[in-house]
Amino acid sequence: MRCVLLAICAVLSFQWPAMAGSMLRLSGNQLKWNSPRLTLKISRTVHLPEGDLGVDRRDSPEVVYAAVAESVREWVEATDPALEVAIELTDNTVAGGTDNLVTFTDPAPYENGFCSKDFVACAVLGYDPATGEIVTASVAFNPAKRHSARGYDGTNDIGLVMLHEFGHIMGLDHSPLGNAVMAPAAELESTGFTGTRYAPRQLSWDDTSTLRAAYGFPIEVASITGAVRYNGQPVPGAHVVAMTENGLAITSSQSQTDGSYRLQVPPGSYYLLAEPLDGPVTTPGPVFATAFWNKTGGHRQDAELVNAAAGETRSGIDFLVAAGPLANIVNIGTRVNGRYVGFPRTTMARGREYELGIGRTPAGTPGAMALMRYQVELLGDPFPSPNSPSFLYQRLRIPADAPLGNYSAQFSTGDAIAAVTGGVAIVPNPSITAVEGTPGPGQVVTIRGTDLAGRELSRTPWMEGAPLPTQLAGTTVLANGLYCELLSVKPEEVVAILPLSADPATVTLSVLTGLGVESNSWDLTPPPPPSE
């Protein structure tokens, strides 16, 4: 069997051809493992011999191993019990060989041009070109970049990068859906700006359902099929998105060369939207006015819901798109402390007010903005940025009881509409009311409060003596600015382990649930000495 190597980049590029919600295909073959049972080895060597590049030297090797293992475990648990991955440590440091290897110090893929030097990491797949069977896979973190599992300033998040790269190891392609881990762009780098040191290591339904469907893992779905046509001609490469009635982005697909598309969704009711792929993922094809199914001009009002039951296929759901006024959102974010934060997606906590901002084209066009949720309260009219005519802001309030999830933002001007599908994450609004425990290295503390996590989740180490994860169910705890290991999280309580470098005198704690979303701080001090 002849083996050919393929390199795929990490979450970095903002212009990358993709098949949304699908597997990698080459020469007509889908790339996948013959059996969804494999052994993944992690190189014991995580630090470069000298210099300040590569993995941050303040990260112990064990912390790095744990971050990689936790990312793999997220995928395994999402497909349990169908996917099986054994993790081992190895002395091998060279990517692209016969081992399925994660390496941090191998410059060869970048120096020989196999992987771009701009990549944060690179998945190297060895496959049989005759069948598409993957026979070996490696992940090479770029040693010329800076990486950390502990959130140090100016580093790329090892956990999120590995979560994305493991999707490539299994044969997944990039997705244009904004909330997918397999999207080509994400918040990877810690900037040092308060509230932005956060990488959401959470798989979406689009990620896991794609893997389940490709490998035949059990999944309860309904199917929606149809075609996208422009002036009677098929439109290939159109992005078709399924959203709930409240605007939660669930999954997406691209139309094929004959204009046909297929969506696999959980049983329910959905609005369907078709848009040209004009960023952050792009594909060649006709540029047309974004439209909801059965509604010209794109606007959701009066568009029809598509109802699909478990095991049912709803066919003939066609989009008849046309030329017309065009609009596009080129980036999205919120203004925090006078600065704009975000690019491919943004995060907002329920119960808070925000200035949601978009960069749009044509620049300076008047228009209206909205989240595709009926509960969101718009505060006043949109207003342009005083510094850039391409930016438009909308003040809004997220209700305190808003359902969590990733929603789509919409900008409309006249009959033109633009949407960022899954580009706005609504997350818990954490507040600390009490902390139990004693400050000091390795001490266990219990944080009590409200909305500290979106759901309940606990963890054990991936192997005996290994560190615990630093993020659970989207919740992270900072102690004096450093990530804590987490034993368990739930909305009213988080149990964490203070870092080994924690000051035994005073530790300042805070809880993060999303990019720019941080709780009040709480100073944990030693108890007073007993009175004599």
Side-chain angles (χ1 to χ4, degrees), residues 66-80 149-151 157-164 166-167 179-182 186-187 195 197-209 248-250 266 345-352 398 400-407 422 424-433 435 444-462 466-479 483-497 509-519:
V68 171
E70 187 63 25
S71 296
V72 174
R73 182 154 61 171
E74 286 287 330
W75 283 101
V76 171
E77 290 189 352
T79 56
D80 184 62
R150 288 294 197 222
D157 185 79
I158 290 173
L160 178 58
V161 174
M162 188 61 207
L163 197 65
H164 179 97
F166 188 79
N179 56 309
V181 159
M182 297 312 297
E187 298 81 15
R197 290 185 302 168
Y198 193 83
R201 307 171 202 149
Q202 296 188 89
L203 297 169
S204 71
W205 195 89
D206 184 71
D207 297 312
T208 57
S209 64
L248 271 171
I250 299 298
R345 68 197 78 178
T346 193
T347 307
M348 294 187 282
R350 52 190 176 189
R352 296 188 186 184
I398 307 297
D401 61 350
L404 304 176
N406 288 79
Y407 295 87
V424 178
I426 305 298
V427 300
N429 184 8
S431 177
I432 300 175
T433 58
V435 178
V444 176
V445 296
T446 300
I447 302 169
R448 304 193 190 280
T450 59
D451 225 12
L452 300 175
R455 60 188 176 96
E456 185 173 344
L457 186 63
S458 61
R459 274 290 187 260
T460 55
W462 70 279
L468 287 156
T470 57
Q471 185 179 132
L472 284 179
T475 292
T476 296
V477 174
L478 291 179
Y483 289 178
C484 295
E485 295 174 35
L486 301 179
L487 284 162
S488 64
V489 301
K490 49 188 175 182
E492 68 279 4
E493 179 186 283
V494 173
V495 182
I497 301 175
L509 296 165
S510 62
V511 175
L512 286 78
T513 56
L515 184 67
V517 179
E518 189 168 358
S519 72

Can you name the closest pair of heavy atoms from [X] and [Y] and give their distance?
X: S71; Y: L163; answer: O-CD1, 3.3 Å
X: P428; Y: L404; answer: N-CD2, 3.6 Å
X: E74; Y: L203; answer: O-CD1, 3.6 Å
X: T475; Y: L452; answer: OG1-O, 2.8 Å
X: G167; Y: W75; answer: CA-CZ2, 3.8 Å
X: I426; Y: A402; answer: CG2-CB, 4.3 Å

Compare all side-chain heavy atoms of [X] with those of [Y] and state whether any distance is below 4.5 angstrom.
X: V517; Y: P430; answer: yes
X: M348; Y: V424; answer: yes
X: V477; Y: Y483; answer: no
X: L468; Y: L486; answer: no

Spatial distance of atom [atom1] ([X]) from atom [atom2] ([Y]) [nearest 0.5 Å]:
X: L487; Y: I497; atom1: CG; atom2: CD1; value: 4.5 Å
X: Q202; Y: L472; atom1: CD; atom2: CG; value: 10.0 Å
X: H164; Y: D207; atom1: NE2; atom2: CG; value: 9.5 Å
X: N429; Y: R350; atom1: CG; atom2: CZ; value: 8.5 Å
X: L509; Y: I432; atom1: CG; atom2: CD1; value: 6.0 Å
X: C484; Y: Q471; atom1: SG; atom2: CD; value: 13.0 Å

So, E518 and R352, do they make that salt bridge, N to O below 4.0 Å? no
Could you tell me whether the side chains of R201 and T470 share a donor-acceptor contact shorter than 3.5 Å? yes
Results of side-chain contact (heavy atoms from CB on, under 4.5 Å) for [X] - residues two or more places apart only:
X: S488; answer: S458, V495
X: E456; answer: K490
X: T79; answer: L83, L211, R212, F217

Are the side chain of N406 and the backbone N or O of N179 linked by a donor-acceptor pair below 3.5 Å? no
